[in-house]
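Okay, structure first, notes after.
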There are 2 protein chains.
Amino acid sequence: MNTDREDLLDDPRLTAVGLLAEAYTGLMNRLAAQFDEHRLSQVEFEVLMRLARSPGKRLRMTDLAGQTTLSTSGVTRVVDRMERSGLVCREACPSDRRSSYAVITEAGSQRIAEVLPGHLELLQKWYVGMLPTDQLTQLLDSLRTIRDAVNPCAAAGSAETAQPA
Amino acid sequence: MNTDREDLLDDPRLTAVGLLAEAYTGLMNRLAAQFDEHRLSQVEFEVLMRLARSPGKRLRMTDLAGQTTLSTSGVTRVVDRMERSGLVCREACPSDRRSSYAVITEAGSQRIAEVLPGHLELLQKWYVGMLPTDQLTQLLDSLRTIRDAVNPCAAAGSAETAQPA
DNA sequence: AGCAGGCACTTGACAGAGCAACTATTGCCG
DNA sequence: CGGCAATAGTTGCTCTGTCAAGTGCCTGCT
């Protein structure tokens with residue numbers, strides 16, 4: 001009598017989203033171990049990366065929030081912590097006294113330089129290296145399609161724009 | 001003089017992982033709105049799904065932890081909350097008095113039945129429906145490859161095994 | 001049998017993140 | 001110019017989840 005319900009539970013779309021979730025979270029778990037070694041959290045790593053790639057090695061708090069998965073108050077707190085550990089510092093925005101910049105410090109840049117080589121190796125080993133080149137290209141294409149639909153903001157501004165060289 | 005560092009920051013592998021992250025988190029954000037409407041969190045939804053799909057509509061706490069992103073203490077707390085709201089209940093394991101089962105209740109099953117149709121629509125709209133069939137197949141293939149490498153446990157036992165019907 | 005070690009689960013203390021409320025600026029509109 | 005809505009950031013409260021320690025139960029070894 002429950003066949004309707006049962007059928008829904010076996011929908012292939014659920015398998016599809018499960019696969020995406022497991023691949024993503026599984027990969028993140030692999031990466032986490034290395035972050036731990038370097039006393040960085042995933043969020044901190046992302047903050048450092050975003051800052052390092054931005055002009056002037058700085059970003060307004062709000063923009064940083066927009067580029068990460070954090071709310072603005074989340075950014076306030078991460079930057080608090082990272083400022084305490086010397087990886088970033090705040091700087092006043094000369095043109096708008098409400099705003100402030102988060103700026104990556106020399107220590108922050110060094111920390112990234114320490115972590116990145118191992119990080120890239122892990123990505124190679126558990127992600128991009130798992131697939132032949134053309135299949136990887138295809139995968140990234142598909143992901144980009146989904147990303148653009150689901151998160152249109154990310155398409156503008158970020159490294160993505162620099163991509164079609 | 002910093003060219004070494006700069007080069008690392010532009011590595012295409014970083015773009016690749018960024019794409020995966022943005023696609024995944026973006027999709028999850030789209031789904032979150034619907035969960036809210038039904039007073040369910042993402043984790044609660046996953047717990048209900050796992051239980052609903054398991055034989056006897058039940059799972060030992062530890063197994064539930066293994067199938068989700070939660071630690072065992074995390075599972076204890078989610079099940080606490082869900083038991084309070086009547087979606088699941090605990091049952092003693094007859095063969096091992098250390099273990100207990102989380103069992104989905106009728107209310108829990110109903111809740112899932114309410115949420116699933118809309119959930120599947122959203123998946124259609126923002127994920128599987130974005131890609132032509134063969135490209136989707138290819139995507140799932142690639143994701144499965146990565147998932148199997150990165151999270152070998154998930155390959156056994158779960159819905160994945162039931163897949164090749 | 002009896003105990004040593006391991007396992008399943010729970011609990012206490014704590015960290016990270018979000019929302020909503022608050023402060024300080026800014027800039028628009030009369 | 002004066003006031004008011006909107007914006008940038010921070011802070012208080014709360015929720016969720018982890019880790020480490022604790023409890024009770026099981027199992028293998030002697």
Side-chain angles (χ1 to χ4, degrees), chain A residues 21 25 28-29 31-33 35-37 39-48 50-51 54 58-85 87-103 153, chain B residues 21 24-26 28-29 31-33 35-37 39-48 50-51 54 58-85 87-103 153:
Chain A
T25 59
M28 289 306 129
N29 286 340
L31 302 180
F35 287 142
D36 280 358
E37 281 174 30
R39 312 272 164 181
L40 271 186
S41 73
Q42 176 147 344
V43 187
E44 289 166 340
F45 176 74
E46 184 158 5
V47 167
L48 289 180
R50 297 285 182 181
L51 294 179
S54 298
R58 73 192 51 218
L59 235 27
R60 289 175 36 231
M61 301 293 278
T62 309
D63 296 336
L64 195 46
Q67 289 189 21
T68 58
T69 57
L70 291 171
S71 64
T72 67
S73 70
V75 167
T76 295
R77 297 189 150 119
V78 179
V79 171
D80 281 350
R81 296 196 295 271
M82 294 177 76
E83 198 167 29
R84 248 175 269 133
S85 46
L87 300 172
V88 304
C89 60
R90 282 179 168 86
E91 257 180 56
C93 173
S95 62
D96 184 343
R97 272 188 294 178
R98 290 169 304 178
S99 294
S100 54
Y101 287 110
V103 191
C153 308
Chain B
Y24 175 72
T25 60
M28 289 306 129
N29 286 340
L31 302 180
F35 287 143
D36 280 358
E37 283 174 28
R39 312 272 164 182
L40 270 186
S41 75
Q42 178 147 345
V43 188
E44 290 166 339
F45 176 74
E46 184 158 5
V47 167
L48 289 181
R50 297 284 181 182
L51 294 179
S54 298
R58 73 192 50 217
L59 235 29
R60 289 173 41 229
M61 302 291 279
T62 309
D63 297 337
L64 195 47
Q67 290 189 20
T68 59
T69 56
L70 292 171
S71 64
T72 68
S73 69
V75 167
T76 294
R77 299 199 141 115
V78 178
V79 171
D80 281 350
R81 295 195 295 271
M82 295 177 76
E83 197 167 29
R84 249 175 268 132
S85 46
L87 299 172
V88 303
C89 59
R90 282 179 168 85
E91 259 180 54
C93 174
S95 63
D96 185 341
R97 272 187 296 178
R98 289 170 305 178
S99 295
S100 53
Y101 287 111
V103 190
C153 307

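Here is the naming used below: chain letters follow the sequence lines, and residue numbers restart at 1 for every chain. Computed from a prediction, not measured in an experiment: that's the story for all the values here. No hydrogens, no waters, no symmetry mates; every other heavy atom, side chains included, goes into these values.
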- With sequence neighbours left out, write down each residue that passes salt bridge (charged side-chain N to carboxylate O under 4.0 Å, His left out) with A:E44, or none if nothing qualifies. none
- Message: Rounded to whole Å, please give me the gap between OH in B:Y101 and P in C:dT10.
- Response: 14 Å
- Task: Please report, rounded to the nearest Å, how far the C1' atom of D:dA8 is from the CZ atom of A:R90.
- Result: 12 Å
- D:dG17 C1' sits how many Å from B:M82 CE, rounded? 16 Å
- Query: Sequence neighbours excluded, which residues qualify as side chain to side chain donor-acceptor pair (under 3.5 Å) partners of B:S71?
  - Reply: B:S73
- Message: Using a heavy-atom cut-off of 4.0 Å across all strands, would you classify A:T76 as base, sugar-phosphate, or nothing?
- Response: base
- Per-nucleotide protein contact string for nucleotides 14-20 of chain C, where B marks a base within reach and S marks sugar-phosphate only (heavy atoms under 4.0 Å, - for neither): --SSBB-
- Send over the distance from B:Q42 CD to D:dG17 C1', rounded to a whole Å. 14 Å
- Task: For B:D80 and D:dC15, give me the distance from atom CG to atom P, rounded to whole Å.
- Result: 15 Å
- Message: The criterion is ring pair (Phe, Tyr, Trp, His ring centres under 6.0 Å); which residues satisfy it with A:F35, sequence neighbours excluded?
- Response: A:F45, A:H119
- Query: Got a sec, which pairs hit salt bridge (charged side-chain N to carboxylate O under 4.0 Å, His left out) with one end in residues 68-79 of chain A, sequence neighbours left out?
  - Reply: none
Output a table of nitrogen or oxygen pairs between the protein and nucleotides 22-26 of chain D separated by less than 3.5 Å.
| unit_1 | atom_1 | unit_2 | atom_2 | d |
| --- | --- | --- | --- | --- |
| D:dC26 | OP1 | B:R97 | N | 3.0 |

- Query: Which whole-number value in Å describes the distance from B:L64 CG to C:dA8 C1'?
  - Reply: 13 Å
- Using side chain to side chain donor-acceptor pair (under 3.5 Å) as the criterion, list what pairs up with A:N29, not counting sequence neighbours. none
- Side-chain heavy atoms of B:L64 within contact of B:V79, under 4.5 Å: yes
- Query: Under the 3.5 angstrom rule, does the side chain of B:R50 hit a backbone N or O of B:Q67 as a donor-acceptor pair?
  - Reply: yes
- Message: Which residues pass the salt bridge (charged side-chain N to carboxylate O under 4.0 Å, His left out) test with A:E37, not counting sequence neighbours?
- Response: none
- Could you list the residues that satisfy side chain to side chain donor-acceptor pair (under 3.5 Å) with B:E83, not counting sequence neighbours? B:R90
- Message: In whole Å, I'd like the distance from the CE atom of A:M28 to the P atom of D:dG17.
- Response: 19 Å
